[in-house]
Amino acid sequence: MARTYAVLVGIVLALVGVLGFVKTELFGLHFNTTHNAVHLLSGIIGVGAGMSGAGASRVFARVFGVIYTLVAIAGFAGVPAVLSTILNLSLEYNAIHLAVGLLGLLAGFAGDSSTA
């Protein structure tokens with residue numbers, strides 16, 4: 001489960017990162033350079049983890065699950081304006097980050113160490 005999460009989320013994040021550099025608005029969401037770079041880097045790390053094996057996939061899913069969930073919570077709680085502007089946070093982004101984060105936590109912590 002963690003391997004699938006790492007590869008799929010990695011590919012989607014990398015694509016969104018690259019597309020965001022080409023087109024600043026996708027699906028009604030506005031992207032900036034920082035947001036694109038974070039997505040691209042997260043995606044590359046995710047694909048790399050997914051290709052590296054079950055252990056790396058679980059670590060990616062857990063770590064990025066925590067990070068994306070915390071970013072969503074911070075966004076919903078109303079982070080300082082400067083951070084919100086840098087990351088381009090909005091209700092839609094917060095919901096997406098929460099879904100990515102919670103799915104990562106589920107994938108990373110589901111099952112025992114023999115499953116991925």
Is there a side chain to side chain contact (heavy atoms under 4.5 Å, CB included) between Arg62 and Phe109? Walk through the geometry before answering. CA-CA 7 Å; Arg62 290 173 181 178; Phe109 289 102; 3.5 Å; yes
Given the rule in the side chain to side chain contact (heavy atoms under 4.5 Å, CB included) test, do Glu92 and Leu29 qualify, once you have shown the distances and angles that lead to the verdict? CA-CA 8 Å; Glu92 293 84 4; Leu29 299 172; 3.6 Å; yes
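With rounding to the nearest 0.5 angstrom, the NE2 atom of His39 is 11.0 Å from the CZ atom of Phe21. Interatomic distance, Asn36 CG to Lys23 NZ, rounded to the nearest 0.5 Å: 13.5 Å. Distance check: Leu103 CG to Leu8 CG gives 11.0 Å after rounding to the nearest 0.5 Å.
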Show me the side-chain donor-acceptor pairs of residues 67-78 shorter than 3.5 Å, one per line, residues at least two apart or across chains.
residue	atom	partner	partner atom	Å
Tyr68	OH	Ser42	OG	3.1
Thr69	OG1	Gly65	O	2.7

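Arg3 contributes a side-chain N or O that, together with a main-chain N or O of Gly50, makes up a donor-acceptor pair within less than 3.5 Å. In this structure, the side chain of His97 engages the main chain of Tyr93 through a donor-acceptor pair within 3.5 Å.
Here the shortest heavy-atom pairing between Ala49 and Phe60 reads CB-CB, 3.6 Å. Closest approach of Ala110 and Met1 over heavy atoms only: CB-SD, 3.7 Å.
Cluster partners of Ile11, by chain and number: Val7, Leu15, Val47, Met51. The rule joins Ile, Leu, Val, Met, Phe, Trp and Tyr whenever side-chain heavy atoms lie under 4.5 Å apart.
Hydrophobic clustering of Ile, Leu, Val, Met, Phe, Trp and Tyr side chains at less than 4.5 Å, counting indirect connections, unites Leu102 with Val66.
Counting only residues at least two apart or on different chains, no side-chain hydrogen bond (donor to acceptor under 3.5 Å, both in side chains) pair has a member in residues 5-19.
The side chain to side chain contact (heavy atoms under 4.5 Å, CB included) search around Ala14 returns Leu40, not counting sequence neighbours.
With Phe64 as the fixed residue, the side chain to side chain contact (heavy atoms under 4.5 Å, CB included) test singles out one of Leu105, Leu13, Ile45: Ile45.
Counting heavy atoms from C-beta outward, Val12 and Val16 have side chains that approach closer than 4.5 Å.
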